Amino acid sequence: MLFTTVMKSNKEFSRAYNKGRYCVSREVCVYYIRNSSPFNKLGITTSKKLGNAVQRNRARRIIRAAYRLSEEFIPIGFDMVVVARSGIIGKKSTDIERFFKGRLPDEIRRSENERAFKK
RNA sequence: CGAGUAAGCUAUGCGGUAGCUUAGCGGAUGUACGCUAAGAGGAAAGUCCGAGCAUCACAGAGCAGGAUAGCUGCUAACGGCAGCCGAGGGUGACCUCCGAGCCAGUGCAACAGAAAUAUACCGCCGCUUUUGCGGUAAGGGUGGAAAGGCGAGGUAAGAGCUCACCGGGUCGUCGGUGACGGCGACGCCAUGUAAACCUUAUCCGAUGCAACUCCAAUGGUAAGCGUUAAAAGUCAAUGGCUGCUCGUCAGACUUGCGCUUAUAGGAGGCUAAAGGCGUAUGGCAACAUACGCACAAGAUAGAUUACCGCACUCGACAAAACUCGGCUUAUAGGCUUAGUCGCACA
RNA sequence: GUGGGUAUAGCGUAGUUGGUUAACGCGUCAGUUUGUGGCACUGAAGACCGUGGGUUCGAAUCCCACUACCCACC
């Protein structure tokens with residue numbers, strides 16, 4: 001992926017959950033927080049609630065594929081944790097791609113603008 | 001044609017665009033990048049057994065503890081498999097069985113019932129005479145279980161008391177490697193439970209690839225706490241004072257120092273294996289032997305895909321994590337082979 | 001990878017050394033009491049003991065397989 005590395009440590013996940021903002025759709029829930037670096041960090045979480053190993057792996061792959069195809073639309077410089085929700089079962093990657101290209105960047109930009117405006 | 005039995009195979013297919021992991025080649029020598037090749041199962045699952053492998057322990061033997069339990073074989077081994085024996089089920093093909101030992105000892109068997117391992121309540125018969133004594137397990141009733149069952153003879157009434165058949169036991173003999181079976185004789189003194197303790201026989205050292213080995217480092221790395229009349233720096237970014245700016249306070253990040261805890265990191269182990277397919281030979285079979293032929297997932301936040309199109313019968317259960325042999329459980333369908341039973345026709 | 005535990009009335013727990021009808025508290029329902037409600041008192045209902053097999057005359061209990069949940073260690 002172009003501007004993205006993989007998030008590994010538990011600390012970074014905790015930081016995103018506790019300090020970050022989030023944007024929710026029926027399929028996924030995205031936590032994001034600025035990381036003051038010129039690239040993004042992506043972490044994907046699929047819990048046991050989704051189902052068995054096959055369904056969890058499929059969800060993870062779909063999210064990764066959707067992110068890869070919509071990477072240019074997403075602002076750079078964020079830690080992002082994508083949490084799969086139970087609505088992802090049976091969906092295609094294009095459904096999530098639509099969310100990644102449309103609502104998610106808008107939300108991020110709006111929150112940034114709010115902050116700048118506040119400032 | 002219908003029903004059912006057993007064994008086995010398969011697990012949507014094809015194309016396009018974009019990508020992932022590993023290996024090789026080119027390029028490069030910190031990489032990126034390009035091309036080529038390969039890339040999840042019958043159960044990969046559950047983790048219920050058995051082994052390999054590794055480390056530690058260990059003179060030998062026994063006790064304790066655990067596991068197994070018809071016999072013979074197969075196997076590296078097994079609690080697995082095959083064949084056979086016995087018992088049970090099915091008209092049959094065939095299927096099911098933790099299937100050693102209560103004649104070593106101990107325990108338990110509620111309620112009911114006269115009585116539960118011992119016995120006479122009712123009844124029957126004889127004697128006595130109105131109450132007893134003796135004989136009797138045929139009948140009644142209770143129970144899961146009551147002197148082996150049933151019929152005949154026999155008798156005062158009865159009883160393996162006697163006999164035929166069946167069931168079980170002991171002994172002998174014959175067959176079989178054996179479990180066991182056939183035949184003959186004797187002759188019914190005695191329940192069930194060992195998935196109750198237990199006895200007998202056989203087997204078992206412990207821990208598990210996060211094992212373990214090597215390299216680097218040991219003034220390191222990671223986490224937490226402290227360092228505040230601020231240890232230093234940065235903040236475009238979070239909050240308060242104020243809606244904004246400045247300022248300031250807190251806070252965040254980086255670096256340094258101190259204390260405590262942990263031993264992280266990289267590489268190997270890691271995949272060609274008691275493996276698969278075919279043919280031949282031996283064996284009823286499990287399986288063995290020989291020859292030939294193909295076949296190369298090896299990740300480490302964890303790859304094997306995403307999207308689109310076409311076809312049809314519209315696609316189940318389900319994802320390797322050191323490896324293998326089994327068992328158990330889940331599973332839409334489709335296909336093949338071999339027996340069986342019923343009906344119809346020739 | 002390895003090991004252990006739990007499942008019983010709506011809820012929380014007993015019973016787990018086979019034996020008749022599975023016990024207790026809270027809650028629910030009905031009645032008594034009160035002008036009304038609560039408290040109190042009396043009574044009742046409510047369980048195929050997680051699921052499926054097996055052993056036994058008889059299983060919540062013993063054995064086997066499965067399901068769900070929880071915990072521990074490296």
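This one's a predicted model, so the numbers in the text were calculated from it and none came from an experiment.
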Asker: What is the distance from CD1 of Ile62(A) to P of U304(B), rounded to the nearest Å?
Answerer: 12 Å
Asker: Counting only Watson-Crick or G-U wobble pairs whose two distances fall under 3.5 Å, which nucleotide matches A319(B)?
Answerer: none
Asker: How far, in whole Å, is G39(B) from A319(B) if one measures between their P atoms?
Answerer: 22 Å
Asker: Among A40(B), G302(B), A306(B), which is the nearest nucleotide to the side chain of Asn57(A)?
Answerer: A40(B)
Asker: How would you list, by chain and number, every residue that makes a side-chain contact (heavy atoms from CB on, under 4.5 Å) with Ile62(A), sequence neighbours excluded?
Answerer: Arg58(A), Ser93(A), Ile96(A)
Asker: Tell me every residue that passes side chain to side chain donor-acceptor pair (under 3.5 Å) with Gln55(A), counting only those two or more places apart in sequence or in another chain.
Answerer: none
Asker: Paired with A201(B) by Watson-Crick or G-U wobble geometry, both distances under 3.5 Å: which nucleotide is it?
Answerer: U68(B)
Asker: Considering Watson-Crick and G-U wobble pairs with both distances under 3.5 Å, what does C343(B) pair with?
Answerer: none
Asker: Just confirming the chi classification of G88(B), syn or anti, using 90° around 0 as the syn window.
Answerer: anti
Asker: With syn defined as a glycosidic angle within 90° of 0 and anti as the rest, where does A40(B) land?
Answerer: syn
Asker: I want to verify the glycosidic state of G160(B); is it syn or anti under the 90° rule?
Answerer: syn
Asker: Any strand counts, and the cut-off is 3.5 Å on both contacts for Watson-Crick or G-U wobble. Which nucleotide pairs with U96(B)?
Answerer: A87(B)
Asker: Report the distance from atom CD1 of Ile63(A) to atom P of C20(B), rounded to the nearest whole Å.
Answerer: 19 Å
Asker: Quick one: the dot-bracket string of RNA chain C, using Watson-Crick and G-U wobble pairs with both distances under 3.5 Å, [ ] for crossing pairs and | for bases paired to another strand.
Answerer: (((((((..((((.....[...)))).(((((.......))))).....(((((..]....)))))))))))).
Asker: Could you tell me the Watson-Crick or G-U partner of A262(B), where both distances fall under 3.5 Å? Say none if there is no partner.
Answerer: U221(B)
Asker: What N/O pairs connect the protein and nucleotides 15-19 of chain B at under 3.5 Å? Give each pair on its own line.
Answerer:
from   : atom 1 : to       : atom 2 : distance (Å)
A18(B) : O2'    : Arg68(A) : NH1    : 3.2
G19(B) : O2'    : Arg68(A) : NE     : 3.4

Asker: Write down the distance separating the C1' atoms in C295(B) and A321(B), rounded off to the nearest Å.
Answerer: 22 Å
Asker: Hunt down the Watson-Crick or G-U wobble partner of G169(B), both distances under 3.5 Å, from any strand shown, or write none.
Answerer: C186(B)
Asker: Between Gln55(A) and Arg60(A), name the one whose nearest nucleotide on RNA chain B is closer to the 5' end.
Answerer: Arg60(A)
Asker: CZ of Arg61(A) versus C1' of U21(B): gap in Å, rounded?
Answerer: 13 Å
Asker: Going by a 90° cut-off around 0, is G42(B) syn or anti?
Answerer: syn
Asker: Under 3.5 Å for both donor-acceptor distances, Watson-Crick or wobble: does C121(B) have a partner, and if so which one?
Answerer: G140(B)
Asker: Using O4'-C1'-N9-C4 for purines and O4'-C1'-N1-C2 for pyrimidines, with syn meaning within 90° of 0, is A118(B) syn or anti?
Answerer: syn
Asker: Sort out the partner of A179(B) for me: Watson-Crick or G-U wobble, both distances under 3.5 Å, none otherwise.
Answerer: none
Asker: Under 4.0 Å between any heavy atoms, over every strand shown, what does Arg58(A) touch: base, sugar-phosphate, or nothing? Just pick one.
Answerer: sugar-phosphate
Asker: What's the gap between A318(B) and C14(B) when it is taken at their C1' atoms, as a whole Å value?
Answerer: 25 Å
Asker: Considering only atom C1', compute the distance from G172(B) to G192(B) and round it to an integer number of Å.
Answerer: 33 Å
Asker: May I have the distance from Arg56(A) (atom CZ) to A320(B) (atom C1'), rounded to whole angstrom?
Answerer: 15 Å
Asker: Any side-chain heavy atom of Phe99(A) within less than 4.5 Å of one from Val28(A)?
Answerer: yes
Asker: If I pick the P atom on C49(B) and the same atom on U207(B), what distance separates them, to the nearest angstrom?
Answerer: 13 Å
Asker: Taking all atoms of both residues into account, what is the closest heavy-atom pair of Val30(A) and Phe100(A), and its distance?
Answerer: CG2-CE2, 4.1 Å
Asker: Considering only atom P, compute the distance from A22(C) to C29(C) and round it to an integer number of Å.
Answerer: 25 Å
Asker: Only counting residues at least two apart or in another chain, list the ones meeting salt bridge (Lys or Arg N to Asp or Glu O under 4.0 Å) with Arg98(A).
Answerer: Asp95(A)
Asker: With P as the reference atom in both, quote the distance from C84(B) to C284(B) in angstrom, rounded to an integer.
Answerer: 12 Å
Asker: With rounding to the closest Å, how many angstrom separate the C1' atoms on U173(B) and C108(B)?
Answerer: 43 Å
Asker: Output the rounded distance in Å from CZ (Phe100(A)) to P (A306(B)).
Answerer: 16 Å
